[in-house]
Amino acid sequence: MKKWWMESVGYQIYIKSFFDSNNDGIGDLNGIYEKLDYLHLLGINLIWITPFYDSPMDDNGYDVRDYLSIANAYGTIDDFKKVLDKAHSLGIKVILDFVLNHTSDEHEWFLESRKSVDNPYRDYYIWQPPKYVNGVKREPTNWGSFFGSSAWKYDEQTNQYFMKIFSDKMPDLNWENPKVKEAMVNVGKWWLDLGVDGFRIDAVSHLEKAPFEDSKMGEGIVLDWFKFSNLPKVHDYLHYLYENLFKQYDAFTIGEVGGEAGIDQATRYARFGSEELSMVFNFDHNWCNNIHDITDLKDLKVRVLDLKKAIGKWQNSFKDNGWLPLNWLNHDQPRVVSHYGNLAYHEKSAKMLANLMYLGRGTPFIYQGEEIGMTSYPFTSPTEFNDISTITGYNNWVKNEPDKKDYILKKMGLTSRDNPRTMMQWSSEEFAGFSKVKPWFLVNPNYKEINVFDQINDENSIFSYYQKLISLRRFSKYKDLITYGSYDMLIENDPIIFAYERTLNQEKMIVINSFSTNEESFDLTGYEIEDIIIHNYDKLTIDNNKIILKPYEAIAIKVKETK
């Protein structure tokens with residue numbers, strides 16, 4: 001089985017922070033249009049654009065007020081058509097975020113739903129009466145939300161609670177209702193008829209909810225993933241969407257599968273022939289370090305063995321029966337060079353991380369700014385946070401431990417979803433070339449040292465390394481080996497070097513990546529180097545049949561076995 005998306009290289013655009021074309025401080029669709037030539041030069045041929053639907057922006061667009069309208073700040077439907085037409089003319093496919101789990105509380109469906117218990121739209125959402133304990137009104141269950149409060153919100157108008165597993169302003173849709181399923185199919189058809197090539201499906205694992213009984217996981221409000229994550233009917237809902245929407249358009253679909261989804265669940269969603277999704281993002285590899293235990297990045301330690309285990313597990317499980325995305329981060333995780341690299345070796349470690357991930361088996365998804373080595377933001381005040389989950393988490397923690405404000409700020413800053421949402425760093429001009437006016441959010445102060453303008457024509461830059469990797473995957477004599485070759489982990493118990501082998505027919509490539517600031521070695525016994533495919537240093541050092549690896553050295557070599 002071969003599909004176009006298997007041979008693609010994707011790029012995620014967080015529209016609000018990408019490029020501001022009209023100088024109102026907010027990224028927009030025309031900003032994407034103006035930068036499509038840049039993306040074409042980088043070499044990608046697939047873009048995923050985060051939500052630009054009409055929205056009150058409680059959660060930066062994932063709270064949709066109208067699925068068929070575009071937020072004024074982002075432009076018009078004609079602007080989007082321009083983006084779509086130009087992207088397609090450059091050979092770039094376009095997928096959009098499809099938010100299935102919830103809407104904004106300002107969506108017309110919800111405005112109707114809350115009017116009365118017998119409103120025709122009441123069952124578009126999940127409503128429950130209060131629970132009374134010793135005469136005191138309480139939430140229907142003790143379930144917690146992902147954003148740090150109850151998963152229920154009281155509504156005085158009908159004296160009932162609605163479910164909202166994210167923000168208070170994002171009520172969950174009721175997928176038990178056939179009218180909801182039909183309505184969402186119609187939304188999908190509208191965009192596919194317009195010409196989009198598929199969807200990244202947000203929070204897809206949460207569409208079914210368990211019976212409304214208290215969690216036994218603890219006292220008080222409890223975040224219990226098992227009450228609304230990866231439950232059996234999610235697969236029924238996705239199969240319905242496949243039959244009534246995705247299949248009819250041969251649409252590419254990639255699901256966001258959180259909620260402790262294991263391999264068994266993931267393969268149900270996205271194995272070849274699953275009749276649900278093309279593939280799924282997972283997050284097992286996103287926290288293989290000690291970042292939750294430190295307050296300063298100088299103390300960061302990557303747990304390379306855990307990283308190997310996480311990546312290897314998914315590669316092995318999908319090697320024959322499915323396809324994987326290859327991604328370090330998205331709009332919810334810290335910047336990868338801050339998270340897994342070493343800022344003292346910024347360029348080398350950024351290239352090494354790209355080498356490690358994007359020569360694997362799967363479809364790469366690069367997050368905007370990753371290709372120039374953008375870093376996480378150095379937060380100095382809680383007022384700098386914008387992300388609702390970070391703000392809620394900070395406030396709740398400070399309420400319990402008010403004497404630890406500085407410590408809490410540092411901890412929250414390291415992992416905040418705000419880190420990847422700072423402005424794209426286009427140049428050393430004011431506001432990083434993102435806009436001519438003060439942007440809606442933060443600009444990382446290192447934009448004068450890290451930006452597109454300085455890297456785009458530098459053959460030794462991080463940008464150029466990404467460009468070479470993408471070209472290898474798409475156009476080189478090794479493209480089939482890189483795309484379709486098997487993936488086998490080497491030296492699995494080595495805590496410093498991440499190495500793997502790619503094999504297709506008689507061709508073999510070894511990818512070697514060092515997480516060390518010291519010299520290390522990789523034993524080449526049994527192999528003969530035929531070609532150096534890509535390398536983040538100028539010169540390869542071999543001594544007594546061992547590659548001597550310099551700090552954060554990364555290399556891919558074509559080899560033949562001599563044993």
Run Leu207 and Asn101 through side-chain contact (heavy atoms from CB on, under 4.5 Å) and show every step you take. CA-CA 6 Å; Leu207 301 186; Asn101 179 72; 4.0 Å; yes

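- Between Trp287 and His339, the distance from one ring center to the other falls under 6.0 angstrom.
- Checked against the 6.0 Å centroid criterion, the rings of Trp48 and Phe18 do not qualify as a close aromatic pair.
- Between Tyr240 and Tyr237, the ring centre distance reaches or exceeds 6.0 Å.
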Would Lys3 and Asp250 satisfy salt bridge (charged side-chain N to carboxylate O under 4.0 Å, His left out), going step by step from the backbone distance to the final call? CA-CA 10 Å; Lys3 293 282 192 177; Asp250 194 25; 3.3 Å; yes

After noting the C-alpha distance and the side-chain angles of Gln333 and Tyr367, does the key distance pass the side-chain contact (heavy atoms from CB on, under 4.5 Å) rule? CA-CA 10 Å; Gln333 283 92 33; Tyr367 182 76; over 6 Å; no

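- In this structure, a donor-acceptor pair under 3.5 Å is present between the side chains of Asp63 and Ser55.
- Taking 4.5 Å as the limit, some side-chain heavy atom of His235 sits within range of a side-chain heavy atom of Gln265.
- A cation-pi arrangement is found for Lys137 relative to Tyr154, the charged atom lying closer than 6.0 Å to the ring centre and inside a 45° cone about the ring normal.
- Phe166 has its ring centre no less than 6.0 Å from the ring centre of Tyr62.
- For the pair Ile49/Asp97, no side-chain contact is recorded, criterion being any heavy-atom separation below 4.5 Å from C-beta on.
- For the pair Phe431/Pro439, a side-chain contact is recorded, criterion being any heavy-atom separation below 4.5 Å from C-beta on.
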Trp191/Tyr249 under side-chain contact (heavy atoms from CB on, under 4.5 Å): CA gap, chis, key distance, verdict: CA-CA 11 Å; Trp191 287 103; Tyr249 292 83; over 6 Å; no

Taking it one step at a time, do Met163 and Phe212 satisfy side-chain contact (heavy atoms from CB on, under 4.5 Å)? CA-CA 11 Å; Met163 178 168 282; Phe212 301 130; 3.9 Å; yes

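- Under the 4.5 Å side-chain criterion, counting only non-hydrogen atoms from C-beta, Phe110 is not in contact with Tyr124.
- Smallest separation of non-hydrogen atoms from Leu329 and Pro420: CD1-CB, 4.2 Å.
- Checked against the 6.0 Å centroid threshold, Phe199 and Phe98 count as a close aromatic pair.
- Cation-pi geometry between Lys153 and Phe162 is not met at under 6.0 angstrom from the ring centre and within 45 degrees of the axis.
- Remark: side-chain polar atoms of Thr141 are not paired, donor with acceptor, to backbone N or O of Asp214 under 3.5 angstrom.
- You'll find the side chain of Asp66 stays beyond 4.5 Å of the side chain of His107, heavy atoms only.
- Taking the ring centre of Trp4 as origin, the terminal cationic atom of Lys93 falls inside the region bounded by 6.0 Å and 45° from the ring axis.
- Checked against Thr158 for a side chain to side chain donor-acceptor pair (under 3.5 Å), the options Lys115, Arg114, Arg122 give a single hit: Arg122.
- A salt bridge links Asp59 and Arg417; the closest N-O separation between the charged side-chain nitrogens and carboxylate oxygens is under 4.0 Å.
- Considering every non-hydrogen atom in both Val180 and Asp123, the closest pair reads CG2-O, 4.5 Å.
- Side-chain contact check for Phe146 versus Phe228: some heavy-atom pair is nearer than 4.5 Å.
- Judged by the 6.0 Å and 45° rule, Lys16 forms a cation-pi pair with Trp440.
- Taking 4.5 Å as the limit, some side-chain heavy atom of Asp284 sits within range of a side-chain heavy atom of Lys313.
- In this structure the side chain of Val64 never reaches within 4.5 angstrom of the side chain of Asp54, judged on heavy atoms.
- Ring geometry for Trp109 against Tyr67 counts as tilted: the plane angle lies between 30° and 60°, on a 0 to 90° scale.
- Asp332 has a carboxylate O that lies under 4.0 Å from a charged side-chain N of Arg421, or vice versa, which qualifies the two as a salt bridge.
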